[in-house]
Peer 1: 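If you scroll down you'll find the structure; I have some questions about it.
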Amino acid sequence: MDLTFDDEIEEFRREVLTFIRENLPKSIADKVAAERMDLPKEDQLRWHKALYDQGWACHSWPPQYGGQDWSDANSYVFEREIALANAPRALVYGVGMLGPTIIEYGTEEQKERFLPSIANGEAMWCQGFSEPNAGSDLASLQCKAVLDGDDYIINGTKTWTSEGHIADCMFGLFRTDSSGKKQQGITVLLFDLKTPGITITPIITFEGIHEVNQVFFDDVRVPAINRLGEHDSGWGVAKFMLGLERFGTAEVSRSLASLARLKSMAGDIQENGEPLINDPQFTAKIAEIEIELRALEITEQRFLFQPGGADAMGAEASMLKIRGTEIQQRIYELMVEALGLDAHLAIAEDDFNQAINSIPSGKPEGTGHVTRAYFNFRKTSIYAGSNEIQKTIIAKAVMGL
Ligand SMILES: Cc1cc2nc3c(=O)[nH]c(=O)nc-3n(C[C@H](O)[C@H](O)[C@H](O)COP(=O)(O)OP(=O)(O)OC[C@H]3O[C@@H](n4cnc5c(N)ncnc54)[C@H](O)[C@@H]3O)c2cc1C
């Protein structure tokens, strides 16, 4: 549902649309629209630089650190138009998570040292939280950091590290004491991924994408001045970051863009000599998911425009995450259903990547990417705290269970 805003906000919307028209390269928007999940780093940084030059790359940060003093309405309109235009997602780990956390917990020296390169995109960050035996139960992490003079020495491993292979730096959680409760004795460290002793190995996911990695640490020395927050007290910092991560995962506006693509595909695909969109059964499925999405959109608006705005969200962010990711997955399911055999042929080949690059003519353009995206989006109900864990958060916070 399009909210009606006052003239000032509508004027701002026009400014954003003009900016997008003049600065978002068609080649990049086409890749996002074609469901490319492995958007190259140079494309991400090119768009980020355009936003940075405009002063919008870190708009949610306080103005003294390069942010904009926008109202919730400005932020909403901005994010919505960016998503609908198929612009790349923001640099989530640096701009979305680490920047606000440094502003909240960092020393003045850390703010001066780290924030400028996050803002201008010179340093791309990744998140080193999960380990082979610590995902949902994150506090049981074991990757060790031992204080030795002015340095911590890290040994162990992190896994599922998104974009670790293209990032410059990592923020991570490390075990600095095992004597108390598992939430105690965790410390947050920030470091360059080129530090000696770090090995990054790819994890190629089922659909053939290199998006995640396992990172190994062998006597890696990190200066203690790179510690964010207090020694042994990183769990509170981690929870702050996880809240920021969860909030961004509903992606209502991007689902609206995907839904529009689904409808357009169903208009192009012929079944029994008729466009698929004329099939009442298939159209009913589209209508069902559109109703769900519109309901979620209104729910998100209600949460965002409540007193306190996004900052007042607790379990609400969990609700949005669950429903938003279910809807994302359903839209891709319907895309695969629309493509029918073509979608299945794209995965039936031995080499899935090759299958994607050699879709024979006659099949709808981007078939492979859609199939890839369908598999890739299975992740959304797992990462940023699995949907089962979100249900536990809601049960505790809302229902008092
Ligand atoms: C594509 C992708 C990218 C990722 N990127 C990153 C990243 O950049 N950095 C990072 O640190 N991590 C990342 N992760 C890791 C992600 O946060 C974890 O996968 C997630 O927290 C789940 O942990 P797990 O994989 O160990 O599964 P588990 O915790 O072992 O869970 C397995 C299943 O059991 C369920 N389950 C577990 N505990 C409970 C419970 N108490 N109650 C009910 N159900 C439960 C879960 O919901 C899940 O269905 C990524 C994961 C994926 C898939």
Side-chain angles (χ1 to χ4, degrees), residues 28 37-53 56-58 60-61 65-67 88-103 105-107 109-131 143 145 151-174 187-203 209-229 234 237-238 241 244-245 248 383:
I28 296 180
M37 292 296 135
D38 50 351
L39 194 67
K41 179 176 183 175
E42 52 275 21
D43 288 344
Q44 295 189 48
L45 290 183
R46 192 170 160 196
W47 173 240
H48 180 85
K49 169 96 174 47
L51 288 172
Y52 177 73
D53 290 345
W56 290 351
C58 309
S60 62
W61 295 10
Y65 302 113
R89 289 167 174 80
L91 299 180
V92 57
Y93 301 110
V95 173
M97 293 177 75
L98 182 61
T101 312
I102 290 178
I103 291 168
Y105 290 94
T107 61
E109 185 276 331
Q110 286 173 333
K111 289 174 192 169
E112 277 171 32
R113 192 151 50 99
F114 292 114
L115 293 179
S117 60
I118 296 175
N120 67 22
E122 253 169 49
M124 196 167 164
W125 287 78
C126 65
Q127 175 191 13
F129 281 16
S130 305
E131 296 178 9
C143 190
D151 293 336
Y152 284 92
I153 303 177
I154 305 178
N155 280 288
T157 185
K158 292 285 169 185
T159 195
W160 303 119
T161 315
S162 297
E163 301 193 327
H165 56 302
I166 55 172
D168 304 292
C169 306
M170 174 185 275
F171 56 87
L173 303 180
F174 298 94
T187 300
V188 181
L189 297 175
L190 318 179
F191 48 88
D192 193 316
L193 282 168
K194 287 193 278 310
T195 311
I198 297 179
T199 309
I200 302 175
T201 57
I203 300 173
I209 291 178
H210 182 190
E211 178 182 359
V212 285
N213 303 273
Q214 184 159 4
V215 182
F216 296 91
F217 300 86
D218 184 10
D219 285 336
V220 175
R221 294 192 88 92
V222 171
I225 52 163
N226 286 12
R227 184 185 67 225
L228 186 55
V237 184
M241 284 187 166
L244 295 168
E245 186 183 31
Y383 69 14

Peer 1: Which residues pass the side chain to side chain donor-acceptor pair (under 3.5 Å) test with Glu42, not counting sequence neighbours?
Peer 2: none

Peer 1: Report yes if some heavy atom in the side chain of His48 is under 4.5 Å from a heavy atom in the side chain of Val95; otherwise report no.
Peer 2: yes

Peer 1: Would you sort out whether Phe217 and Lys158 count as a side chain to side chain contact (heavy atoms under 4.5 Å, CB included), showing the intermediate values?
Peer 2: CA-CA 8 Å; Phe217 300 86; Lys158 292 285 169 185; 3.7 Å; yes

Peer 1: Could you give the distance from CZ (Arg113) to OG1 (Thr107), rounded to the nearest 0.5 Å?
Peer 2: 7.5 Å

Peer 1: Tell me every residue that passes side chain to side chain donor-acceptor pair (under 3.5 Å) with Thr161, counting only those two or more places apart in sequence or in another chain.
Peer 2: none

Peer 1: Heavy-atom distance under 4.5 Å between the side chains of Ile153 and Val220, does that happen here?
Peer 2: no

Peer 1: With sequence neighbours left out, what residues match Phe129 under ring pair (Phe, Tyr, Trp, His ring centres under 6.0 Å)?
Peer 2: Phe171

Peer 1: The criterion is salt bridge (charged side-chain N to carboxylate O under 4.0 Å, His left out); which residues satisfy it with Glu211, sequence neighbours excluded?
Peer 2: Lys379

Peer 1: Can you establish whether the number of heavy atoms outside Trp160 located under 6.0 Å from its atom CH2 is more than 12?
Peer 2: no

Peer 1: Report yes or no: does Glu112 contribute a side-chain atom to a donor-acceptor pair with the main-chain N or O of Glu109 at less than 3.5 Å?
Peer 2: no

Peer 1: Name all residues meeting the ring pair (Phe, Tyr, Trp, His ring centres under 6.0 Å) criterion together with Phe114; count only those two or more places apart in sequence or in a different chain, and write none if there are none.
Peer 2: Trp125

Peer 1: Mind checking the CD1-CD1 spacing from Ile166 to Ile200? Nearest 0.5 Å is all I need.
Peer 2: 11.0 Å

Peer 1: Under the side chain to side chain donor-acceptor pair (under 3.5 Å) rule, collect the residues that match up with Asn213, sequence neighbours excluded.
Peer 2: His165, His210

Peer 1: More than 12 foreign heavy atoms under 6.0 Å from CZ of Arg46: is that the case here?
Peer 2: no

Peer 1: OH of Tyr52 to CD of Glu122: how many Å apart, nearest 0.5 Å?
Peer 2: 8.5 Å

Peer 1: Applying salt bridge (charged side-chain N to carboxylate O under 4.0 Å, His left out), which residue pairs with at least one partner in residues 159-172 are found, sequence neighbours left out?
Peer 2: Lys41-Asp168

Peer 1: If you look at every heavy atom in Ile154 and Cys143, which pair is closest and at what distance?
Peer 2: CG2-SG, 3.9 Å

Peer 1: I'd like to check the ring pair (Phe, Tyr, Trp, His ring centres under 6.0 Å) partners of Tyr105; sequence neighbours left out, ordered by chain and number.
Peer 2: Phe240

Peer 1: Return the set of residues passing side chain to side chain donor-acceptor pair (under 3.5 Å) with Arg221 (not counting sequence neighbours), or none when no residue passes.
Peer 2: Asp148, Asp151

Peer 1: Kindly compute the distance separating CG (Asn155) from CZ (Phe216), expressed to the nearest 0.5 Å.
Peer 2: 12.5 Å

Peer 1: Donor-acceptor check, side chain of Asp218 to backbone of Gly197, threshold 3.5 angstrom: yes or no?
Peer 2: no

Peer 1: Is there a side-chain contact between Leu45 and Leu91 (heavy atoms, below 4.5 Å)?
Peer 2: yes

Peer 1: Report the residues that fulfil side chain to side chain contact (heavy atoms under 4.5 Å, CB included) with Lys111, sequence neighbours left out, ordered by chain and then residue number.
Peer 2: Tyr65, Ile102, Glu108, Leu115

Peer 1: Without swapping roles, check the side chain of Glu245 against the backbone of Gly96 for a donor-acceptor pair under 3.5 Å.
Peer 2: no

Peer 1: Looking only at heavy atoms, what is the nearest atom pair of Tyr93 and Ser162, with distance?
Peer 2: OH-CB, 3.2 Å

Peer 1: Search all heavy atoms of Gly164 against all heavy atoms of Cys126 and return the closest pair with its distance.
Peer 2: CA-SG, 4.0 Å

Peer 1: Would you please name every residue forming a side chain to side chain contact (heavy atoms under 4.5 Å, CB included) with Leu39, sequence neighbours left out?
Peer 2: Lys31, Val32, Asp43, Gln44, Pro88

Peer 1: Looking only at heavy atoms, what is the nearest atom pair of Asn120 and Ser117, with distance?
Peer 2: OD1-O, 3.2 Å

Peer 1: At what distance, to the nearest 0.5 angstrom, does CD1 of Ile118 lie from CG of Leu98?
Peer 2: 4.0 Å

Peer 1: Give the minimum heavy-atom separation between Gly94 and Pro100, together with the two atoms involved.
Peer 2: O-CD, 4.3 Å

Peer 1: Name the residue from Thr201, Thr199, Thr157 that meets the side-chain hydrogen bond (donor to acceptor under 3.5 Å, both in side chains) definition with Gln214.
Peer 2: Thr157

Peer 1: Considering residues at least two apart in sequence or located in another chain, which fulfil the salt bridge (charged side-chain N to carboxylate O under 4.0 Å, His left out) criterion with Asp192?
Peer 2: Lys194

